[in-house]
Structure formats: structure tokens, C-alpha cells
K.L.:
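My structure is below; once you've seen it, I'll send some questions.
Below, chain A is the first sequence line, B the second, and so on; all start at residue 1.
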2 protein chains.
Amino acid sequence: MTAKKIQAVALKHFSQKGYDGTSLADIAGEVGIKKPSIYAHFESKFDLFAAVVEEVSEDYRAYRQTVISGSSSMDFEQHLFNIFSSMITYFIQDRVKMAFWVRLWMFPPAESPEALLEPWKNLNKTFLDEVIAIFEQGISEGHVRQGSPQDMAHTYLCLLDGFLTRVIISDDADYSQHMTQVWQCFWAGAKA
Amino acid sequence: MTAKKIQAVALKHFSQKGYDGTSLADIAGEVGIKKPSIYAHFESKFDLFAAVVEEVSEDYRAYRQTVISGSSSMDFEQHLFNIFSSMITYFIQDRVKMAFWVRLWMFPPAESPEALLEPWKNLNKTFLDEVIAIFEQGISEGHVRQGSPQDMAHTYLCLLDGFLTRVIISDDADYSQHMTQVWQCFWAGAKA
DNA sequence: GTCTATAACAAGATAGAC
DNA sequence: GTCTATCTTGTTATAGAC
């Protein structure tokens, strides 16, 4: 299906050059069609962008849900670390998706309608809530030191987002080796 | 001086909409002049951008140097925390500068010449080296637990970058309240 | 230094043949 | 669905008067 190929190429270009920096001619050229042919599949440039957002968003949502529910039976530290490492691995194994994701998150195209951004924000808000719930459970069960679950969740997400940030800005091909060390430093301060 | 005013307005627009999303007409309009007048002060759009990068870069460099050298006589934890909180405060008190800085760092304009990006990368590389040196000292003097100073510095910077990331994506006006909590979580795991 | 006017071009989008 | 041709708009940039 041509629409899917257009979306895949668009993802790559939006990821590398941003929404404004990408032209439909760039995309069409790599797909192997001419620019007007895109309009047979998408109503506008922004419509194409929205489709890519939807695809990336849904893939991410499904993956995250699988990871969180799939590791809930683990030992507490393992559960938390599994979410941490799985999210990092998810993005590291596909840097195009990662750059698109982070770019949209931090610097969405100017004048993006709320209809596009709101589901995206909610998706990330949900993650915060889930992590807070995990820490609440960890504290009440004695796995985690006494303290504010909100603050711990926040620190956890700072570490996760910071790790992704540093992967993006780094040329290092195998950044994942740092993951375990970062985690140990965090867990040493969080455990009961 | 008109050139300075153009730069200031350009900083704001580049920060909010990115390089490609900003037009010279946007900038000129807010400055109060017409578009062609910009060319009396800057050779090209990119030349204006480069001037803004230079200004922001130098301001950041000077501030960071002041913070690091100015707190080196402090107690070890205070020294580390002071750098952490000062860097965060620096960006929080000027979100325009923060967004410009992070945007350039993570997603520089496509086809930016190396001449623009290299000094910028070196600036950040230097910071990593300085933080590593501080942890090396901290370990040898017994303030920090035994371990790899590289890994600790990396964790420290993940936390710092992650914090800034979360400030950018958050609407919360007073995000700085979280800073102390994040720090305590880190230090609990890092101290000897 | 700032302006009007305009060049030169690229980009998103449409019309209509095939 | 894809193409060529075209429209329209917006953009960077220059020329030349004041």
C-alpha cells in the first residue's frame, strides 16, 4: 500500500528535519512518486503528519501497556527496572521513532491544534500516574524508603527522559551500556 | 542599537517556532521595521541565527564557569548541588533561552555547518569532563561511594537534562520546587 | 539605516488528462 | 492513482530611492 510507504518515509523526514524543515517533494522523491500523488492519500501535509503521529502514538501506547502489565508479577525492583530498561530499549532500537517522539513532545509544530496534542499529553500524563502508583505500592510494601511517591516518580522520569536526551545528542552507538549503571545509582537511593 | 533588538526578537521566535518555522517577516514585524531592513544588520537569515547562537552560547559559558569556580570552596555535596540547582535556575528563569538552547542541542537546523555546531558540542563535552573530575575528587576524598566517576557523572547529567526536559514539557509555573526532592533522591544513592 | 519595489524561488495545493 | 501543468502564497534576498 502506497499510503503506508508515504507514512514511513514521512516519519523519517519529520524525525530528522522537523515538520517545517520537511517538504512534500522530499518525501515524494524518496517514495518514488511525484509530489501531487501524495494528495491521493492524504488531504494535506498536516494530515500526513497527523497520521504519522497517530501511528507512532498507538505503537508506543501498546508497547508501554505490554511492558507495564507484563512485568507486574516480577519482584518489585525488577518491575521498576524492567519498565525503565524496556522504555529505553524501545527507543534505542529505533532512533528515527525516538527522535520523532521526543521532537513532537518537546517542540510540536507551531499552531498544532489541540486535537493533535491533547491525546499525546494524556498518554504521557498516564505514564506519570502509573509510575506514581507503583511507587505508592512499593512504599506501602516496604520495598522503597519512606517518602513522597510523587517525588520518586518524578526523579524516575527525570532519569528516563534524561537518558533519552543524552542518547539523542550522543554519537555513541552503544549507549545502552550506561543504563545499568544509571539504574544502580538511582536504586541505591530509592530502596528501603 | 537595532541589531541587538533584532537579535533579541529573533531569539524569541527561533526559540518558540524553530529555525525553519520562523520567517524574517515575523521578526521584522515585532521589531517595528520592515523585512529588508534586517539585511542592513545581518547578511542572511542564517547569519542572524548564528549571531543568536553565539550570544546564547557565550552567556551560558560565562555563567557556567562562574558557577563552577564560585562554588568550588563549598562543602562537597553543596558544591555538586549548587551546580545542579544553579544550572536549573539559570534556565528556568528564562524559558525562552532554555527552549532555544535545548532545541539547538537536540534538533539543530538541518544542514547546519560544523563551524556552528562544533563549539557548541565542545561546550557540553567540557561540562561532562568537569563533572567527572568533581566525582573523581569526591570518591578519592571519601565523600562519594566507590564506583565509576564516569557513570556517576552520567547519572548526574541524566538527572539534570531530564529535569530540564520535564520543565519544557510541563505547564507548571513553579517547577523548581521539585528540584530539592530530585536531588535528595540522587544524593542518597551517591554519598559514601 | 530604512523604505518600496521586485526579483527569484520554493512550497503547499488543485485541475484535469490518462 | 499517478502524472504534467499550473495556481497561489510565502519566503529569502537584492536594487535603488530617500
K.L.:
Centroid-to-centroid, B:H154 to A:F163, below 6.0 Å?
P.N.:
yes

K.L.:
Quickly work out the B:K5 NZ to C:dT2 P distance and round it to whole Å.
P.N.:
11 Å

K.L.:
Heavy-atom distance under 4.5 Å between the side chains of A:E130 and A:I83, does that happen here?
P.N.:
no

K.L.:
Look at the rings of A:F186 and A:F135 and say which category their plane angle falls in: under 30° parallel, 30 to 60° tilted, over 60° perpendicular.
P.N.:
perpendicular

K.L.:
Output the residues of residues 13-27 of chain A in contact with DNA chain C, where contact means a heavy atom of the residue under 4.0 Å from an atom of the strand; sort by number or write none.
P.N.:
A:T22, A:S23, A:L24

K.L.:
Between B:E118 and B:K121 (salt bridge meaning N to carboxylate O under 4.0 Å), is one present in this structure?
P.N.:
no

K.L.:
Any Lys/Arg nitrogen of B:E30 or B:K12 sitting under 4.0 Å from an Asp/Glu carboxylate oxygen of the other?
P.N.:
yes

K.L.:
By a strict heavy-atom criterion of less than 4.0 Å, which residues belonging to residues 38-49 of chain B are in contact with DNA chain C?
P.N.:
B:A40, B:H41

K.L.:
Taking only N and O in the side chain of A:S37, is any of them less than 4.0 Å away from OP1 or OP2 of D:dC3?
P.N.:
yes

K.L.:
Indicate yes or no for a side-chain donor-acceptor contact from A:Y90 to the backbone of A:M98 under 3.5 Å, with no hydrogens or angles considered.
P.N.:
no

K.L.:
Between B:K17 and A:D20, does any NZ, NE, NH1 or NH2 come within less than 4.0 Å of an OD or OE carboxylate oxygen?
P.N.:
no

K.L.:
Hey, which sits more toward the 5' end of DNA chain C by its nearest nucleotide, B:T2 or B:P36?
P.N.:
B:T2

K.L.:
Can you figure out which of D:dT12, C:dT2, C:dA13 approaches the side chain of B:I33 most closely?
P.N.:
C:dT2

K.L.:
Quiz question: by atom type and distance under 3.5 Å, do the side chains of B:E77 and B:W183 form a donor-acceptor pair?
P.N.:
yes

